[in-house]
A.B. asks: 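First, the structure itself, so that you have it in front of you.
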Amino acid sequence: MKKVLILCTGNSCRSQIAHGFLNYYTNDSVKAYSAGIEKHGLNLNAVKCMEEIGIDISNYTSNKVDEYIGIDFDFIITVCDNANETCPIFTSNSVKIHKNFKDPTKVLNGQYGKHFILTRDNIKDFIRHFVNEYLTV
């Protein structure tokens with residue numbers, strides 16, 4: 001089973017959304033992890049925007065990347081520039097992929113709006129492409 005780590009700054013929104021899409025598009029056939037350089041807790045607006053399209057991430061937890069240092073990942077995906085620049089060195093031969101997404105929690109003082117939906121949809125397209133390119137046999 002392939003192991004994929006999705007990394008962001010606080011593991012509260014963008015990485016959680018990507019984690020949800022990865023599980024959805026692979027029918028849980030990969031072992032998905034998400035983490036942050038810091039741990040900010042699960043953002044309820046991230047849960048809401050995923051809930052609107054039928055994906056439940058409400059039971060996901062916010063984790064620090066340090067918790068996963070010993071895991072041999074097949075892929076490490078960074079979804080923000082900060083995580084890409086500060087990602088710890090993993091000793092495996094992980095394929096590293098980076099795509100920066102705007103942080104919807106930084107718009108309108110974190111209030112819910114179309115910026116969450118836009119980020120969600122951009123992440124959806126990215127993860128769907130990732131699955132088709134790297135995980136489909």
A.B. asks: Return yes if some donor-acceptor pair links the side-chain N/O of His40 with the main-chain N/O of Gly36 below 3.5 Å, else return no.
C.D. replies: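 Pair absent, no side-chain N/O of His40 close to backbone of Gly36.
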A.B. asks: Could I get the full list of salt bridge (Lys or Arg N to Asp or Glu O under 4.0 Å) partners for Asp56, not counting sequence neighbours?
C.D. replies: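 Salt bridge (Lys or Arg N to Asp or Glu O under 4.0 Å) list for Asp56, sorted by chain: empty.
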A.B. asks: So, Thr119 side chain and Lys102 main chain: donor-acceptor pair closer than 3.5 Å or not?
C.D. replies: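 Confirmed, Thr119 side chain pairs with Lys102 backbone.
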A.B. asks: Run the side chain to side chain contact (heavy atoms under 4.5 Å, CB included) test on Thr78 and Lys96 for me, step by step, so that the C-alpha distance in whole Å, both residues' side-chain angles and the decisive distance to 0.1 Å come before the verdict.
C.D. replies: CA-CA 8 Å; Thr78 53; Lys96 293 171 184 68; over 6 Å; no
A.B. asks: Side-chain contact test, heavy atoms from C-beta onward, threshold under 4.5 Å: evaluate it for Ile97 versus Tyr134 and give yes or no.
C.D. replies: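 The answer is yes, as the side chains (C-beta and beyond) meet within the 4.5 Å cut-off.
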A.B. asks: Please list all pairs meeting salt bridge (Lys or Arg N to Asp or Glu O under 4.0 Å) that have one or both residues in residues 3-14, counting only residues at least two apart or in different chains.
C.D. replies: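 Salt bridge (Lys or Arg N to Asp or Glu O under 4.0 Å) check on residues 3-14 returns Arg14-Asp103.
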A.B. asks: Test your reading of the model: is there a side-chain donor-acceptor pair from Asn63 to the backbone of Ala35, 3.5 Å cut-off?
C.D. replies: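 Flag not set: sc Asn63 to bb Ala35 has no pair under 3.5 Å.
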A.B. asks: Test of understanding: with salt bridge (Lys or Arg N to Asp or Glu O under 4.0 Å), list the residues that count as partners of Glu52, not counting sequence neighbours.
C.D. replies: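 Residues passing salt bridge (Lys or Arg N to Asp or Glu O under 4.0 Å) with Glu52: Arg120.
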A.B. asks: Using the test ring-ring contact (aromatic ring centres under 6.0 Å, His included), find all partners of Tyr33 that sit at least two apart in sequence or belong to another chain.
C.D. replies: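 ring-ring contact (aromatic ring centres under 6.0 Å, His included) check on Tyr33 returns Tyr68, Phe73.
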A.B. asks: Any chance you could measure Cys80, atom SG, to Ile6, atom CD1, to the nearest 0.5 Å?
C.D. replies: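 Result: 12.5 Å between the selected atoms.
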A.B. asks: Parallel, tilted or perpendicular: which one describes the rings of Phe75 and Phe130, with boundaries at 30° and 60°?
C.D. replies: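 Phe75 vs Phe130 ring planes: perpendicular.
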A.B. asks: So do the side chains of Gln16 and Asn11 get within less than 4.5 Å of each other, counting heavy atoms only?
C.D. replies: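 A side-chain contact under 4.5 Å exists here.
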A.B. asks: Nearest 0.5 angstrom please: Asn43 CG to Cys13 SG, how far?
C.D. replies: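 Asn43 CG to Cys13 SG: 5.0 Å, rounded to 0.5 Å.
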A.B. asks: Any non-hydrogen side-chain atom of Phe21 less than 4.5 Å from a side-chain atom of Ile57?
C.D. replies: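 No. Closest side-chain heavy atoms not under 4.5 Å.
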A.B. asks: Phe101 and Ile53: same hydrophobic cluster, using ILVMFWY side-chain contacts below 4.5 Å?
C.D. replies: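 Yes; tracing contacts between hydrophobic side chains, which count when under 4.5 Å, links both residues.
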A.B. asks: For a side chain to side chain contact (heavy atoms under 4.5 Å, CB included) check, start with the C-alpha distance between Lys2 and Leu135, then their side-chain angles and the critical distance, and finish with the verdict.
C.D. replies: CA-CA 8 Å; Lys2 300 276 187 199; Leu135 302 177; 4.2 Å; yes
A.B. asks: Can you measure from CG (Asn45) to CE (Met50) and round to the nearest 0.5 angstrom?
C.D. replies: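 If I round to the nearest 0.5 Å, the distance is 13.5 Å.
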A.B. asks: Quick one: CD1 on Ile37 to OG1 on Thr86, what's the gap to the nearest 0.5 Å?
C.D. replies: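 Ile37 CD1 to Thr86 OG1: 3.5 Å, rounded to 0.5 Å.
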A.B. asks: Where do Tyr60 and Gly20 come nearest, in terms of heavy atoms and distance?
C.D. replies: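 Residues Tyr60 and Gly20, closest heavy atoms: OH-CA, 3.4 Å.
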A.B. asks: Using side chain to side chain contact (heavy atoms under 4.5 Å, CB included), reason through Asn132 and Arg128 one step at a time and then give a plain yes or no.
C.D. replies: CA-CA 6 Å; Asn132 288 335; Arg128 186 172 33 206; 4.0 Å; yes
A.B. asks: Compute whether any side-chain donor of one residue and acceptor of the other, for Ser34 and His19, lie under 3.5 angstrom apart.
C.D. replies: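 Note: Ser34 and His19 side chains meet the donor-acceptor criterion.
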A.B. asks: Going by the rule salt bridge (Lys or Arg N to Asp or Glu O under 4.0 Å), which residues pair with Asp74 if we only count those two or more places apart in sequence or in a different chain?
C.D. replies: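 Once residues adjacent in sequence are excluded, Asp74 has no partner under the salt bridge (Lys or Arg N to Asp or Glu O under 4.0 Å) criterion.
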A.B. asks: Between Asn82 and Thr9, do the side chains contain an N or O donor and an N or O acceptor separated by less than 3.5 Å?
C.D. replies: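 A pair is found: one side chain offers a donor N or O, the other an acceptor, under 3.5 Å apart.
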A.B. asks: Treating Ile, Leu, Val, Met, Phe, Trp and Tyr as nodes and any side-chain heavy-atom pair under 4.5 angstrom as an edge, say whether Leu44 and Val107 lie in one connected cluster.
C.D. replies: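 Different clusters.
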A.B. asks: Go through Leu7 and Ile77 one step at a time and tell me if the side chain to side chain contact (heavy atoms under 4.5 Å, CB included) criterion holds.
C.D. replies: CA-CA 6 Å; Leu7 190 60; Ile77 300 171; over 6 Å; no
A.B. asks: How about Tyr25 and Lys124: do any of their side-chain heavy atoms sit closer than 4.5 Å?
C.D. replies: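 Yes, at least one pair of side-chain atoms sits under 4.5 Å.
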A.B. asks: Apply side chain to side chain donor-acceptor pair (under 3.5 Å) to Thr26 and list each qualifying residue two or more places apart in sequence or on a separate chain.
C.D. replies: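 Thr26 satisfies side chain to side chain donor-acceptor pair (under 3.5 Å) with no other residue.
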A.B. asks: Under 3.5 Å, is there a donor on one side chain and an acceptor on the other for Asp81 and His98?
C.D. replies: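 Yes - a donor-acceptor pair under 3.5 Å links their side chains.
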A.B. asks: Kindly say whether Lys64 contributes a backbone atom to a donor-acceptor pair with the side chain of Glu67 at under 3.5 angstrom?
C.D. replies: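 Yes, because the side chain of Glu67 sits within donor-acceptor range (under 3.5 Å) of the backbone of Lys64.
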A.B. asks: Can you tell me how far the CG atom of Asp66 sits from the CD atom of Glu38, to the nearest 0.5 Å?
C.D. replies: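 These two atoms lie 11.0 Å from each other.
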A.B. asks: I need the single residue from Asp121, Ile123, Asn122, Ile127 that forms a side chain to side chain contact (heavy atoms under 4.5 Å, CB included) with Ile17. Which is it?
C.D. replies: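 Result for side chain to side chain contact (heavy atoms under 4.5 Å, CB included) with Ile17: Ile123.
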A.B. asks: What's the separation between atom CG in Leu42 and atom OG1 in Thr61, rounded to the nearest 0.5 Å?
C.D. replies: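 Output value for this atom pair is 8.5 Å.
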A.B. asks: Quick one: does Leu22's side chain get under 4.5 Å of Val131's, heavy atoms only?
C.D. replies: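 Contact flag for Leu22/Val131 side chains = yes.
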